[in-house]
Amino acid sequence: MAEATIDNTAVADGDEGGVRRRDFIEIAAVSFGGVGALATLYPLISQMAPSKDVLAESSTEVDISAIQPGQAVKAVFRKQPLFVRRLTEKEIAEANAVDVSTLRDPATLTEMTKEGHEDMLITMGVCTHLGCVPLGAGEGEVKGEFGGYFCPCHGSHYDTAARIRKGPAPLNLQVPEYEYTSETTVKVG
Amino acid sequence: MVRLIGILVGIFFSGWLLVTLAVGFFTWASEPKVETAEHVFHEHPKALHLASDGPFGHFDLQQVQRGYKVYKEVCSACHSLRHVAFRDLEQLGYTEAQVKAEAATWMVPGIDPVTGEDTMRAALPTDYFPKPYPNDVAARAANNNAIPPDLSLMAKARHNGDAYVYSLLTGYQDQPAELLAEFPEAKTPDGLHYNPYFPNLNLAMAQPLVDGQVDFDDGSPNDLDSMSQDVAAFLVWTAEPTLAKRHATGWPVVLFLLIATVLAYLAYRNVWRNEKH
Amino acid sequence: MSFPWANHYQPTNPFMRWMDEKLPLPRFVYNAIGAGYPVPRNLNYWWNFGVLAGFCLMIQIVTGIILAMHYAPNALVAFDSTEHIMRDVNWGWMLRYAHANGASAFFVVVYTHIFRGFLFSSYKAPREMIWLLGVVIFLLMMATAFMGYVLPWGQMSFWGAKVITGLFGAIPLVGEPLQIWLLGGFAPDNAALNRFFSLHFLLPFVILGVVILHIWALHIPGSSNPTGVEVKQESDTVPFHPYYTAKDGFGLAAFLVIYTAFVFFMPNALGHPDNYIPANPLSTPAHIVPEWYFWPFYAILRAFTFDFFFVPAKLLGVLAMFAAILVWFFLPWLDTSPVRSARYRPMLRKFIWFGFVPCMAALFYLGGAPAEEPYVMFSQLAAAYYFAHFLIILPIVSMIEKTKPLPNSITEAVLAKNGAAAAE
C-alpha cells in the first residue's frame, strides 16, 4: 500500500472474504461493548432491591399469651402493622354464620386461622384497597359495621374473620405466613 | 504586560522559596539530628500470609471461625465489633439455627416489654455485636484512660492491617536494654506496655493472648502465634465480608474487558486500514 | 463552524426526517461526535484522554447518584451508612469502590489531558477559550473531590475538612469569620457535612455544563493535532465517526481494564487507612494527607515556611497553592511562540521533559510525605521550579528559542512519517 495516496479513502480491498472477516471484527467489538453495558446494568438495578439488613428483619416473633378474648395487639412485620386478635365466642359464631359464597373474597374463618387456634386471627394491618391501616385493633377504636375492622380512608368494612364485606377493598386482609413455635409464640415470616 | 507581571510573580515565589530553602538547609545541616526512641525502635509488621491475600484471596472459613472464637472469649471483653451483626456469621459456614443459638449466648441491651426499663436480653441474629462498655467514659475508666477501639474495620484502618494485628498480639516484650541506654526518658510509663509494633512503642493494652488460652473443638493449634493469625484472619473478614465476592466478580470482569480490548484494537486497525495517520 | 468538506447529515428514513424537522438532536450529535465532524487524521494516543475524561464523569455521576440513595448525610450516622453500603446494600461495595477509585481515575485521566495541553501548547490561540473552560472544570473537580472525601466522615474526612477550610482562615481580616461561615460552626460537624453533601451532588452537574461548553468551544476551531499546524484541506482530516470512535473505543476498553483491576483487586490502594476510623474531633491522625491528586498543590502549600516581611508564611502558602493553578489561566498569553507543538520547539521540549516532569513527580511524592526534613527542602526546590517554569522559563523560551521548520500541512507530515516508516 506504499504507493497509495492519502485521500483514496474508498479503496476496495479487492478481497470480498477479507472484507467480511474484517466487518466481523467490528461487529464483534461493538457486540462486546453492548454485552458489557447490559451486564453493568445488573448491579445498578439490583442495588435498589432490599438490602441484607432489611431482609434479615423479615421475620417477627409475637408472644400471644397475654392477649385476652376480644383484645388485639399491633405488632410490626416488615415495617408494617400486624394485627394479632383473640376472638370472643360471639365473634367466632358471627364469622361462622356467614354464607361464604356471598362474600367478595370467599374464605372461612378456619382458612383465615391455623388449626387448633381458630380464636387467633393474625392478619396484616394493611387495607387491601390502598394500604391504609384499618381501625379496630386498638382499644376503643371503631370496628365497622361487621365488628371486625374499618378502614377510614375509603370506608372498607371487614368482619370478625378480617374478610371484606363492604367498601372498595377487593380482598380480605392478608394473612402472612406464620407458624406457632410454641403454644404462646408465633413466628411470622 | 501579562508576561511582565508573570515574570515578577514568578521571581517572587521562586526566589522566596529558594531563600527559604537556603536558610532551611543551613539550619538543617548545622543543627544536630535529634533521634527519638519511636523512630529507632518502631518495627514494621511481620510478614503474615492469609488465604485472603492477593487477587485470588478468599476466606479460610475454619481459620476465621477460630478467630471468632478467640474474639468471643478474649477480645470482646474490651473491644466492640459494631459493624458486624450475628446474621453475618452465616457467611462463615454456620447454619441459620447455629447462628440463632450462637447469638443467644450474647446479651444485648433491651427494654422490658412491660415496664420499659433498660434490661439485658439474649441477642437475635439481627442484632449487632454488643459494646462491652456503655459509653466512652466507662471504657476509659476501665482501661487506664485508653478507649479500646472498635475492631470491625481494624484490618483496613491500619497500613497492612492484618499483619499489624498479628504482630501486635505477638510483639509484647521487655523494653530492650539498648533503648533504655540510648533514650532513658523513653522508659515505658507505669500502666503501659512495651510493644515495638505499636506506633509510639507503649500501649495501654496488656498482652491479651497467651499460649493455650483458647481451646478449639477440632484441636487446632492454640499457641500464641497460631491464635494471633486466626484473629487477624477473622478481622480481615469483619473489615470486608465481601472480599471473596469482590475477587470472584473481578476475574470475569477483567478477563471480559481484556478480550474486549483486543477486539476493540483489531476493530480500530480495521477501520483505519485505508487511512494513513 | 465546521470545515466546508464536512459530511452533511441526511436522515435516511421518514421517522428520522420527521425528527430532524421537529428536534434536530440526531443532527447535533452527528455534527458533534459523528461523521459530520472532521478531525485531523494525525491525532495520537494523547488525544484519547478527552473522551476518557467525559466517560469518567459519567461513571462518577451514575455511581454517585446510586450511592446517594443509600448514604445518610448526618454526622451521627454518615460513617455507619457508608459501612451499610459496603456490607448490606446489593453490590454496594462495588459501587462505592467504583466511585472512590473513579475519582482517582478521573484525576489520572484529566492530569494526562492537561499535560497533553502543555506538551502540544493546546492552550494557544485560537483555542484559549477551550483551555480556560478546562481550567474551570479542573477547579470544580477539585472542589467536588474534596467535598466528596468528607462524606464518609472518617478521620481523614474530618481533618481534611478542617485543614482545607483552615486555608481560608489564612486570609487577613475576614479569614476566621469566613472559615466559620463555610463550616457553619467552629469545627466540621453536621452543618458542614450536610452542605458538602448538597454541593457534592450539585457540582458534578455544573461540571457537566462546563464540559458541554468546553466541547462547544472545541468545535469552533476544531481539534488541534500533534504537529500544531492548522487543518488546511480535506486530506488533513477524517470524519470523527468511525475513525475516532473506533480509536476511542479501544482507548476506553484499555482504560477500563486498569480501572476495574483497581476496583476489584486493590480498591484501597489509593485511599488512606485512617479513613476507616470514624471521625474523632479530639484526636488528629499522626500523619494527615489529602488524597493523592492534591499532593502537588499540598506540597507547594507546605513549602512556604518563612514569613515574607509582613506576609505570614501560612498566607503565602495558601496564595502560592491557588496561584499554582491560577497561573494556568494565563498560559495562552505567557507563551508567545508562533509554534505550538513541542515537537518543533526543542528548548521547551527539554524543559518540559527534564524540568517540569521531574518537578511534578517530586511534588506528587513530596505532598504525600511527612512534613519533615529533608522532604520540605525538596518541595521548596520543586515548587520553585514549578513557578519558574510557567512564569519565567516559558515566556523567555518562547521568545528566544529557535524552532524547527514546520510541515506545510498535516497531510505532508503524515506522508513524511509513513514514507520514513516504509523506508525502514
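Proteins come first, then strands; the chains are lettered A, B, ... in the order of their sequence lines, and each starts at number 1.
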Asks: What's the spacing between C:F3 CZ and C:Q233 CD if we round to 0.5 Å?
Replies: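 Going from CZ on C:F3 over to CD on C:Q233, the span is 11.5 Å.
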
Asks: Taking the six-membered ring of C:Y45, is the NZ or CZ of C:K247 close enough (under 6.0 Å from the centre) and on axis enough (within 45°)?
Replies: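 Yes, a cation-pi geometry.
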
Asks: Charged N to carboxylate O below 4.0 Å: is that the case for A:R163 and A:E111?
Replies: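 Salt bridge: no.
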
Asks: Which residue out of C:L252, C:I66, C:V89 racks up the most heavy-atom pairs below 4.5 Å with chain A?
Replies: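 If we count pairs closer than 4.5 Å to chain A, C:I66 comes out on top.
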
Asks: Between A:G33, A:A49, A:P43, A:A56, which shows the greatest number of heavy-atom pairs under 4.5 Å with chain C?
Replies: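 Most pairs with chain C among the choices: A:P43.
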
Asks: Heavy-atom distance under 4.5 Å to chain C: side chain of A:L55, backbone, both or neither?
Replies: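 For A:L55, neither part sits under 4.5 Å from chain C.
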
Asks: Passes side chain to side chain contact (heavy atoms under 4.5 Å, CB included), C:H70 versus C:R96? Steps please.
Replies: CA-CA 11 Å; C:H70 303 282; C:R96 173 161 177 261; over 6 Å; no

